[in-house]
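Got a structure for you, questions after.
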Amino acid sequence: MAVSTWPDISHLSVSRPELINVLRQMGQQVKWPQNMKALDSFRNPGFWCDFHRDHGHKTEDCVALKIEVNELLRKGRLREFLSEKAKSHLSKEKTGKPTEAAPVSPPRQDRVIHVISGGSEISGISHAAAKKSTRTAKHGLEAAKPKHLLLGMDEISFTAKEQGKVLTPHHDALVISLIIANCLEKRILVDNGSSGNIIFQAAYKDQGLEEGALTQRVTPLIGFSGEVKQTAGEITLPVYAEGINMSTKFLVVDSDSSYNMILGLPWIHGMGAIPWTLDQMVKFPTSWDIKAIRGDQEYSRSCYQTNMKGKTKVL
């Protein structure tokens, strides 16, 4: 069986002793090598391999270790120990394809990005009403009736127990938080009415992304009034959601917005996800089970309150 040589073991951010210790903690998830078959006379007694637990070659030169590490990386494990260069290369190889074999460990969070979001007429048509609705969202909960949806052979259901955490009635947008390119990104609108994934210029800058990372490709976007907005380019970023780390293309828009990002149909369809605004959840199937991400009504209503006040600011 052919084994990828990328990411090479040299691109891990841990030392060999640390790597071996991590592998030992993984136990049976690791395929440990058999005893060395070469005769003692052909092995250098001065070299020790921690992976084989035997003399003959150095740990850093162990081919079996390199093959096993690459196999574990292919299955979605050990990726938290990759260098940034290796992660970038791996993301390009996996563009648009979520990990299927096993859930990916959450990436580290270099920063947290906040911004505001929208609301609805149920949240009030004045600043005072929106402020009151925000307080209600923080403290009040009400159960609703269960809903059921089918996706292929997997049943995606919304149960009464889960809906007990939703304040009703409401017209709140589905706003979630996800780890995107090692940033915990707040105020992401999940919008099945958007034909593209959007990242707004302010959020792009807050991500700390280099200008060279932006692909200079202009795409026209059409708004409600028919006005055409040209994008500043596009960029592909890893979006981590409950064990799935999917490289996702975003259109970069230089415009004021009450959201950091919009996850539209490309991400929704790529994940096989079902956004359910009534119950403030988005669910999607994985190869191990059904996963769910809950929206935050307090965020939605506090942002609606800010909008009604007539100015946009970072919360």
Side-chain angles (χ1 to χ4, degrees), residues 98 114-126 129-180 185-198 224 239-244 246 248 257-286 289-308 315:
H114 300 265
V115 78
I116 66 170
S117 66
S120 72
E121 70 269 19
I122 284 185
S123 296
I125 56 175
S126 68
K131 185 176 181 179
K132 180 179 179 181
S133 182
T134 300
R135 290 197 301 268
T136 306
K138 186 174 183 179
H139 301 292
L141 298 174
E142 183 177 331
K145 297 179 180 180
K147 307 292 187 302
H148 296 273
L149 290 174
L150 291 177
L151 181 64
M153 299 301 293
D154 297 315
E155 182 182 87
I156 294 184
S157 61
F158 299 82
T159 66
K161 181 179 180 181
E162 293 170 333
Q163 293 154 0
K165 297 182 179 180
V166 178
L167 176 68
T168 59
H170 76 85
H171 288 170
D172 298 326
L174 181 55
V175 180
I176 64 175
S177 300
L178 292 175
I179 301 176
I180 299 180
E185 196 82 47
K186 304 281 187 177
R187 275 69 176 204
I188 302 172
L189 174 66
V190 180
D191 182 13
N192 56 9
S194 176
S195 60
N197 304 310
I198 306 295
F224 282 120
V239 177
Y240 179 85
E242 297 296 326
I244 297 291
M246 186 171 76
T248 304
S257 172
S258 50
Y259 306 101
N260 278 323
M261 295 179 172
I262 297 175
L263 287 175
L265 294 177
W267 181 83
I268 294 171
H269 291 177
M271 295 289 291
I274 296 179
W276 197 254
T277 56
L278 177 61
D279 298 325
Q280 288 291 290
M281 297 186 79
V282 56
K283 289 191 174 186
F284 48 90
T286 70
D289 59 10
I290 301 297
K291 293 296 184 180
I293 300 172
R294 183 173 294 279
D296 193 309
Q297 289 180 284
E298 183 183 352
Y299 274 167
S300 290
R301 297 189 181 194
S302 66
C303 293
Y304 183 74
Q305 171 193 338
T306 304
N307 280 343
M308 293 305 301
L315 300 179

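Heavy-atom basis, side chains included; hydrogens, waters and symmetry copies ignored.
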Note to self: Side chains of I293 and M281, heavy atoms from C-beta outward: is any pair under 4.5 Å?
What the structure shows: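 No, too far: nothing below the 4.5 Å cut-off.
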Note to self: Using side chain to side chain contact (heavy atoms under 4.5 Å, CB included), reason through N192 and L265 one step at a time and then give a plain yes or no.
What the structure shows: CA-CA 5 Å; N192 56 9; L265 294 177; 3.9 Å; yes
Check: Mind checking whether I180 and T248 have side chains closer than 4.5 Å, heavy atoms only?
Finding: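 Side-chain contact under 4.5 Å: no.
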Notebook entry, point to check: Taking side chain as C-beta onward, heavy atoms only, is T286 less than 4.5 Å from I244?
Noted result: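 A side-chain contact under 4.5 Å exists here.
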Next item on the list: Could you tell me whether the side chain of K291 reaches within less than 4.5 Å of the side chain of K283, counting heavy atoms only?
Entry: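 Not touching, per the 4.5 Å side-chain cut-off.
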Notebook entry, point to check: Are side-chain heavy atoms of E242 and F284 found at a separation under 4.5 Å?
Noted result: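 Contact flag for E242/F284 side chains = yes.
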Notebook entry, point to check: Can you list the residues that meet the side-chain contact (heavy atoms from CB on, under 4.5 Å) rule with P266, with sequence neighbours excluded?
Noted result: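 Testing P266 for side-chain contact (heavy atoms from CB on, under 4.5 Å), a comparison that skips the adjacent residues, returns N197.
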Margin query: Measuring from atom CG of L167 to atom CD of E298, what distance do you get when rounded to the nearest 0.5 angstrom?
Written below: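 The distance works out to 11.5 Å.
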Next item on the list: With the side chain counted from C-beta on, respond yes when W267 and M246 share a heavy-atom pair under 4.5 Å apart, and no when they do not.
Entry: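 They are in side-chain contact.
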Margin query: Whether R294 and D296 form a salt bridge (side-chain N of Lys/Arg under 4.0 Å from carboxylate O of Asp/Glu) is what I want to check.
Written below: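 No.
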Check: Which heavy atom in V190 sits nearest to a heavy atom in P275, and how many Å separate them?
Finding: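 The pair with the smallest heavy-atom distance is CG1-CB, 3.8 Å.
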Next item on the list: Would you check if the side chain of T277 reaches a backbone N or O of Q280 as a donor-acceptor pair within less than 3.5 Å?
Entry: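 Here the side-chain-to-backbone pair does not exist.
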Note to self: Checking S177 now: which residues fulfil side-chain contact (heavy atoms from CB on, under 4.5 Å) with it, not counting sequence neighbours?
What the structure shows: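 S177 satisfies side-chain contact (heavy atoms from CB on, under 4.5 Å) with L184, K186, Y299 only.
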Notebook entry, point to check: Measuring from L189:CG to I262:CD1, what's the distance to the nearest 0.5 Å?
Noted result: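 The distance works out to 5.5 Å.
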Note to self: Test your reading of the model: is there a side-chain donor-acceptor pair from Q297 to the backbone of D172, 3.5 Å cut-off?
What the structure shows: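 Looks like no, no N/O pair under 3.5 Å.
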Check: Tell me, do I268 and L263 make a side-chain contact under 4.5 Å, heavy atoms counted?
Finding: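 I268 does not reach L263 side chain to side chain.
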Item checked: Minimal non-hydrogen separation, A173 against S300, with atom names ->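 Taking A173 first and S300 second, the nearest heavy atoms are O-OG, 3.3 Å.
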Margin query: Do I188 and V175 make a side-chain contact, defined as non-hydrogen atoms from C-beta onward lying under 4.5 Å apart?
Written below: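 Not touching, per the 4.5 Å side-chain cut-off.
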Next item on the list: Please step through side chain to side chain contact (heavy atoms under 4.5 Å, CB included) for the pair E185 and N260, ending with a clear verdict.
Entry: CA-CA 8 Å; E185 196 82 47; N260 278 323; 3.2 Å; yes
Checklist line | Short side-chain to backbone donor-acceptor contact, T168 and H170, under 3.5 Å | finding: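 Absent.
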